[in-house]
Amino acid sequence: MFVCSASYTDSNKRYTHSFLATDAIRDAMATFVLAGKTDCPHYAKAELLADSLQRCLPNFRIHKISVLPHAWKEWLEDTCTRNGWKHEQSPLVWRELVDQGGKAMLLGGFSDFLEHCQDYYSVTSDMPTDIMLSVASENLETKMNSIVEEQHRVSLIKPLHIWLSSALSPTGHLLIPNLLSAEVFPNTSAISLHLLNLEGKEEQLQWLRMETENLALPLLYQVTIHTDLEQAFTEADVILLQDECWSDDSDTEDEEEMKKKVKRISDRYREYGQLIDTRANREVKVIVSGDSFVNLRCSLLLDNVNLIDSNQFVTVATQLENEARAIIARKLKVRTSDVTHVIVWGNISGSFYIDLQRAKVFNYDGPIKGPAYFSQPAKNILQERKWLETDLQELVRCQRAAVASKTCRAAPMSLANGILEVLKAWNGICGPDEIFSLGVLCPGDYNLPDGIVLSVPVIFTDRKWSVLSDVTREDNLKERLEIAASELRQEKELGSE
């Protein structure tokens, strides 16, 4: 048997807890949890008593939970309900039996804890009431100071806010780990990821949030989930809008069903535009992607924003570009990456045109050869006009449908890769001569109706895009753009009925 003593000093007075302990008690692991209101005198006395035991008994462990007075009642009710306990006062003490394979065992309040200490450790305490009150006051002051310090620390963190719609989609799952990367967002120290899915169940989003947090990526600051528009796009720096429930609709729908579908999309995106205009940051980057009414959706956003520059809204045609590159590469027996600068004009999810006037091919095994950096114009190699004007267009149009029919799903990898390529370029990670096809508000010199979003070739400079000027728009291309514009105008009218 041995004797332990511990003391503390207050106002030049010394108070001592003395107790006896047997070897058996000393060697037994005891883990207690002490919870109480921050300003509770009994919690203060129990806290000091527990500290004394922990200092003198090597296997005694105490975990303290200090709860602010205004939050104590709710916290106590939740804790007791979760564990099946009944308790009404501060403090609350229980013993953890996890190491023995059991659940937590309620000890009780201050009197129960004091009685337990007296029975097991022969504790005596001579702390007077005025000291109890003084310690309780100090506890509250310390707690409030720590809260203020934490709030100040958090205020210094300025995370990049990314909003991802249809977060539960396969594309969303592929995007998330790549979005939280310095490769996509250089010079960013923290990212707040907001997962939005209006048709998804909250439980599914909770699991996705947990899975995202479990990635333990250094840029991830926090993940929030949203199943409604109550807070949608607040402080948004980047917004990625994917297809929603309408993309699963049948392709064989009749005219009346098509009207309902377009009306549903139009109503949703008008609301999105208004929310983005009022809640998002002025420099927000908005990318619309997917397979359904992509240009229409972007156009509807632009119709409903007044405070944000129209150049901040784009649609992604990179997926079509890459699909065309893959088809050409197979025909020429080169790698897909050996085909560059393919241009997509028009309505990305409707009447589009694949243009090879700037396309280059590297490493082609033909009569003219050169080093790895040597390239040839694609049109000089592919001289079959019918294949270029007809077959290629149809092959690209059918490519995505073929992938979906074989895999029973859309092409999420291709779509996610296209979104990431555009984001990288927009964030300054691309070559100065690299050409992208983006759906943007149509330039005035195209002689097309106002408010039309069409895919055109662009380049990125200093994190801003500009329409490529030195391209040839022959009469054939102009006719195709007019058809695409007419198609989009009809879609808009359909959504307004």
Side-chain angles (χ1 to χ4, degrees), residues 241-244 246-247 249-274 276-277 286-306 308-321 343-355 389 393-394 396-397 400 436-458 465 467-468 471 473-497:
L241 297 173
Q242 303 183 78
D243 279 332
E244 300 187 34
W246 52 73
S247 63
D249 294 346
S250 171
D251 291 333
T252 58
E253 57 200 6
D254 58 28
E255 184 179 347
E256 191 59 35
E257 289 175 330
M258 177 61 75
K259 282 184 180 179
K260 291 180 181 177
K261 179 177 179 177
V262 176
K263 182 69 165 63
R264 197 159 69 248
I265 293 171
S266 299
D267 291 344
R268 174 69 57 82
Y269 270 74
R270 288 190 187 99
E271 186 174 10
Y272 279 179
Q274 293 165 6
I276 291 170
D277 199 39
V286 181
I287 296 179
V288 182
S289 64
D291 293 327
S292 299
F293 300 98
V294 182
N295 294 50
L296 172 65
R297 287 153 52 200
C298 186
S299 179
L300 291 166
L301 293 177
L302 288 167
D303 288 345
N304 290 275
V305 296
N306 299 304
I308 301 174
D309 194 312
S310 61
N311 286 349
Q312 302 302 113
F313 295 79
V314 303
T315 66
V316 177
T318 315
Q319 184 178 7
L320 285 176
E321 280 182 34
I343 297 173
V344 178
W345 298 90
N347 185 0
I348 296 168
S349 49
S351 299
F352 60 80
Y353 175 65
I354 305 299
D355 184 0
E389 296 297 324
Q393 311 300 324
E394 190 59 31
V396 175
R397 202 174 306 281
R400 206 172 308 177
F436 295 84
S437 298
L438 291 184
V440 299
L441 193 62
C442 211
D445 60 347
Y446 276 48
N447 298 319
L448 293 170
D450 292 337
I452 294 296
V453 172
L454 290 179
S455 177
V456 297
V458 306
W465 62 262
V467 176
L468 192 64
V471 289
R473 282 179 281 144
E474 298 177 346
D475 291 341
N476 178 43
L477 176 56
K478 291 178 181 178
E479 289 176 8
R480 290 177 181 271
L481 291 178
E482 288 173 1
I483 291 172
S486 175
E487 185 178 76
L488 287 164
R489 190 168 58 251
Q490 290 174 17
E491 290 174 358
K492 266 192 169 183
E493 291 171 356
L494 204 60
S496 301
E497 291 181 0

Discussion item. Is there a side-chain contact between Ile343 and Ser437 in this structure, where contact means two heavy atoms from C-beta onward sitting under 4.5 Å apart?
Written reply: yes
Worksheet entry | Heavy-atom pair of closest approach, residues Asn295 and Ile348 | OD1-N, 3.0 Å
Discussion item. Nearest 0.5 Å, please: how far is CD1 in Ile354 from CD in Glu394?
Written reply: 11.5 Å
Worksheet item: Think Arg297 forms a cation-pi with Phe313, using NZ or CZ under 6.0 Å from the six-ring centre and within 45 degrees of its axis?
Response: no
Worksheet item: Is Arg270 paired with Asp267 through a side-chain N to carboxylate O contact shorter than 4.0 Å?
Response: yes
Fill in: Value rounded to 0.5 Å, distance of CD1 in Ile483 from OG in Ser351
6.5 Å
Discussion item. Given 3.5 Å as the limit, does a donor-acceptor pair link the side chain of Ser455 with the main chain of Val344, or not?
Written reply: yes
Worksheet item: Hey, which of Glu487, Glu389, Glu474 is the one that makes salt bridge (charged side-chain N to carboxylate O under 4.0 Å, His left out) with Arg480?
Response: Glu389
Practice prompt. Find out whether Val453 and Leu488 are in side-chain contact, i.e. whether some heavy atom of one side chain is under 4.5 Å from a heavy atom of the other.
Written response: no
Worksheet item: Yes or no on side chain to side chain contact (heavy atoms under 4.5 Å, CB included) for Cys298 and Val294, after CA distance, side-chain angles and deciding distance?
Response: CA-CA 6 Å; Cys298 186; Val294 182; 6.0 Å; no
Worksheet, complete the sentence: Of all heavy-atom pairs linking Ser292 and Ser349, the shortest is C-OG, 3.9 Å
Discussion item. Looking at every heavy atom in both Trp465 and Asn311, which two are closest together, and how far apart are they?
Written reply: NE1-O, 2.8 Å
Discussion item. So which atom in Phe293 and which in Met258 form the shortest heavy-atom distance, rounded to 0.1 Å?
Written reply: CZ-SD, 3.7 Å
Discussion item. Is any side-chain heavy atom of Thr315 closer than 4.5 Å to one of Ile287?
Written reply: no
Worksheet item: Side-chain contact, heavy-atom cut-off 4.5 Å: Gln319 with Asp291?
Response: yes
Fill in: Side chain proximity check, Asp277 to Asn306, heavy atoms < 4.5 angstrom
yes
Worksheet item: Can you tell me how far OH of Tyr269 sits from CG of Asp303, rounded to the nearest 0.5 angstrom?
Response: 14.0 Å
Fill in: Verdict with reasoning, Leu241 to Leu301, per side chain to side chain contact (heavy atoms under 4.5 Å, CB included)
CA-CA 11 Å; Leu241 297 173; Leu301 293 177; 3.7 Å; yes
Discussion item. Quick check for you: to the nearest 0.5 Å, what is the distance between Asp475 atom CG and Lys478 atom NZ?
Written reply: 6.0 Å
Practice prompt. Check whether any side-chain heavy atom of Leu454 lies under 4.5 Å from a side-chain heavy atom of Trp345, and answer yes or no.
Written response: no
Discussion item. Side chains of Glu491 and Asn347, heavy atoms from C-beta outward: is any pair under 4.5 Å?
Written reply: yes
Worksheet item: Do Ile308 and Val286 come within less than 4.5 Å of each other through their side chains, counting heavy atoms only?
Response: no
Response to the item:
dist Asn304:CG -> Tyr272:OH (nearest 0.5 Å) comes out at 13.5 Å
Discussion item. Can you give me the closest heavy-atom contact between Val471 and Pro457, atom names plus distance?
Written reply: CG1-CG, 4.3 Å
Fill in: Worked verdict on Leu494 versus Lys263 for side chain to side chain contact (heavy atoms under 4.5 Å, CB included)
CA-CA 7 Å; Leu494 204 60; Lys263 182 69 165 63; over 6 Å; no
